[in-house]
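Every chain is numbered from 1, with letters handed out A, B, ... down the list of sequences.
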There are 2 protein chains.
Amino acid sequence: MHEDREAIHKAPLFSGLFAEELDGLLIHARTRQIKPHEVIFAEGDKAGAFYFIAMGAVRLYRLSARGDEKVIEILMAGSTFAEAVVFLGGRYPVYAAALSETRLVEIPIGDFTRTLKANGGMALRMLAGISMRLHQLINDVQSLTLETAGQRVAAYLLEQSPPDAQSADVHMVIHKNVIASRLGVKAETFSRVLATLRDLGLITVSGNDIHIVDRPGLERWRASVGT
Amino acid sequence: MHEDREAIHKAPLFSGLFAEELDGLLIHARTRQIKPHEVIFAEGDKAGAFYFIAMGAVRLYRLSARGDEKVIEILMAGSTFAEAVVFLGGRYPVYAAALSETRLVEIPIGDFTRTLKANGGMALRMLAGISMRLHQLINDVQSLTLETAGQRVAAYLLEQSPPDAQSADVHMVIHKNVIASRLGVKAETFSRVLATLRDLGLITVSGNDIHIVDRPGLERWRASVGT
DNA sequence: CGATGTGTTGATGTGCGTCAATAGAAGTGG
DNA sequence: CCACTTCTATTGACGCACATCAACACATCG
C-alpha cells in the first residue's frame, strides 16, 4: 500500500499494531515531499494531521514577538511528530520546517482518537513516548536555568556519543546555528565554546566532524567549569 | 471508603471513572500528612506511587550540581502529580516537596497500567493531561530563551488574572522566592521587576497581594519593553 | 525582646548577546 | 574549470541584563 509502510511500522508509536490496524490508520495518509527550509505547518495552524519522517530531518521551533527563533526539537528520519496535537485543542503549538530535502507521511487525525481508544496498547505506547518528551523538556528547562552555555554544549557532545567510550566522533549533520538554537545559545557562543574545548585538547574539529579526544576530561570540564 | 474519595473523583484524571473503578484504584492508597519543606520524593528515587493533593501545595524542582534549585512546577490542592512516572523507567525525574502543611493521597502504581489498558477513556484523559503539561513546558522553554526576566514576570501576573479584565487582584499564596524560581529568575530580580511595575503605576503591591491597576498597560509593557 | 526568616534595595561583577569584520565553503553560471 | 555570488562559521570589541554580594527593613514567633 504505502511505499513507507514498513518504515512506519518500525516507529515506536506504531510498532505494536497489527498490519490491518496500521492499514486502517494509513487509509487517508498521503506523502508530502518538502524542500529545505519549507514550512510544514505554523504555530496556531489548525491541526488536521500528524507526521512520520520517512526521509530527511525536521526542526520544531517557536518565534518570539521580535522574530527570534528557538528550536525546540530536531527530528530525524524514523520519528513521528505532532501526535500530541490531537489533545491540544486542534492547534499546532510550534512551527515545523524541513532542515533538508524531506519526505513526510501525513496522517490525518480524523479517527485517531477512536483508534487509540480501541487499541489500549497503542495508547500506552503513546503515553510512553510523550512522557519521554516531557522528561526531555524538563531537562531542557533545568539546563537553561541552572547551567552555563558551555555546560550545555558539553552535554550535547556527550549525549551524542556512547557513554562508556574513551573517545568518540560526532558528526553534525545539520547547520550549527540550528544546533546552537536547540541548546539555547547563539551561534557565536557555540563557536567559541568549541574553540576553547579545542584549545584545551578535549576535542578536535574539522568541518562538521567533531572528534572527542578525551571524553572523561570533557565530563570533568562540564562538571567543574562550563565556561 | 477514602475520606478524600469525592475530591479525588473531581480530579481531571479520574473524573470519567465509574465509582467501582475508582475504588479499585484506591484500594491500596494511603493518606500522607506532610509538613512544610518536607521532601515527598527525591529525583532518582524508585517510583512506586503517584499523588493526589487533597490539601496544601507542592513544588516540583531540580537541583544543579552546585545545589541551586529550579522550581519546575507549583501544584495546588486538587491536582495529581507524578502520574507520568509510570512510563519513565520507574524513577522520579524531579524532587517534590511540600510548600505548606499538606495532605496527600498516595496511589501505588501497581496495577495502574492495567487499569489504563482496560479503561481507554482514562488513558485518553491522561494523554490530554500530559499533553497540556508538554505544552506548558514548551512555553517555559520559549520564554526562558526568548524573553527577558521582566517579560516572564509580567506574563505570570497576566496569567494569574482573568484575561478580559481591566484590573484584577493576584494573591500570592506561596513565598516569592519559589515563584521567582518557577519563573527562572532570582528573588532579587523578581522584587526589582515588581518595583518598576509599581513605579510605572501598572500595579500596586501590599504584602502578598498584588493589584493589577492597568492590565492592558501591563500587556503593552510586556510586549514592548520587558526591562 | 532577641532570634530567625523573608523581602527590598544598592553596588558591583560577568556571562553571554550584539555588532561588525573576515575567512572559508559551497553553489551558480558562463 | 574558474570568477563571482551567497551563505555559514569564526573571531574580536563592546555593552547590557541579570546574578552576586551585602546591608538593611520588617515581619513573625518563641
Subject >> Distance in angstrom units between Leu146(B) CG and dA17(D) P, rounded >> reply: 16 Å
Subject >> Pair Ser167(B), Arg215(B): side-chain N/O donor-acceptor within cut-off below 3.5 Å >> reply: no
**OP:** In whole angstrom, give the distance that lies between atom CD of Gln151(B) and atom C1' of dC16(D).
**Re:** 15 Å
Subject >> Interatomic distance where CG belongs to Asp68(A) and C1' belongs to dA17(D) [whole Å] >> reply: 15 Å
Please table the atom pairs, donor to acceptor, closer than 3.5 Å between any side-chain atom in residues 177-186 of chain B and protein atoms at least two apart or in another chain.
from, atom 1, to, atom 2, distance (Å)
Ser181(B), OG, Glu69(B), O, 3.4
Ser181(B), OG, Val71(B), N, 2.8
Arg182(B), NE, Ile72(B), O, 3.2
Arg182(B), NH2, Asp140(B), OD1, 2.9
Arg182(B), NH2, Asp140(B), OD2, 2.5

Original post:
To the nearest Å, how far apart are Lys186(A) NZ and dA17(D) P?
Top reply: 15 Å
Subject >> Atom-pair distance (CD on Glu147(B); P on dG17(C)), nearest Å >> reply: 16 Å
Subject >> side-chain hydrogen bond (donor to acceptor under 3.5 Å, both in side chains) contacts touching residues 88-97 of chain B (sequence neighbours left out) >> reply: none
Original post:
Any luck finding a side-chain donor-acceptor pair between Glu147(B) and Gln142(B) under 3.5 Å?
Top reply: no
Original post:
Which distance, rounded to the nearest 0.5 Å, do you find between the CZ of Arg222(A) and the OH of Tyr156(A)?
Top reply: 14.5 Å
Original post:
Just how far, in rounded Å, is P of dG17(C) from CZ of Arg66(A)?
Top reply: 12 Å
Original post:
Any side-chain hydrogen bond (donor to acceptor under 3.5 Å, both in side chains) pairs touching residues 44-53 of chain B, not counting sequence neighbours?
Top reply: Arg32(B)-Tyr51(B), Tyr51(B)-Glu106(B)
Original post:
Using the C1' atoms of the five pairs at each end, what is the angle between the end axes of the helix from dC1(C)-dG30(D) to dG30(C)-dC1(D), to 10°?
Top reply: 40°
Subject >> Whole-Å gap separating C1' (dG17(C)) and CG (Leu183(A)) >> reply: 16 Å
**OP:** List the protein contact pattern of nucleotides 6-11 of chain D with one symbol per nucleotide (5' to 3'): B for base contact, S for sugar-phosphate-only contact, - for none; contact means a heavy-atom distance under 4.0 Å.
**Re:** --SSSB
**OP:** Ignoring hydrogens and angles, state whether a donor on the side chain of Ser191(A) or Glu188(A) is under 3.5 Å from an acceptor on the partner side chain.
**Re:** no
Original post:
Restricting to pairs with a member in residues 160-212 of chain A, which pass ring pair (Phe, Tyr, Trp, His ring centres under 6.0 Å), not counting sequence neighbours?
Top reply: none
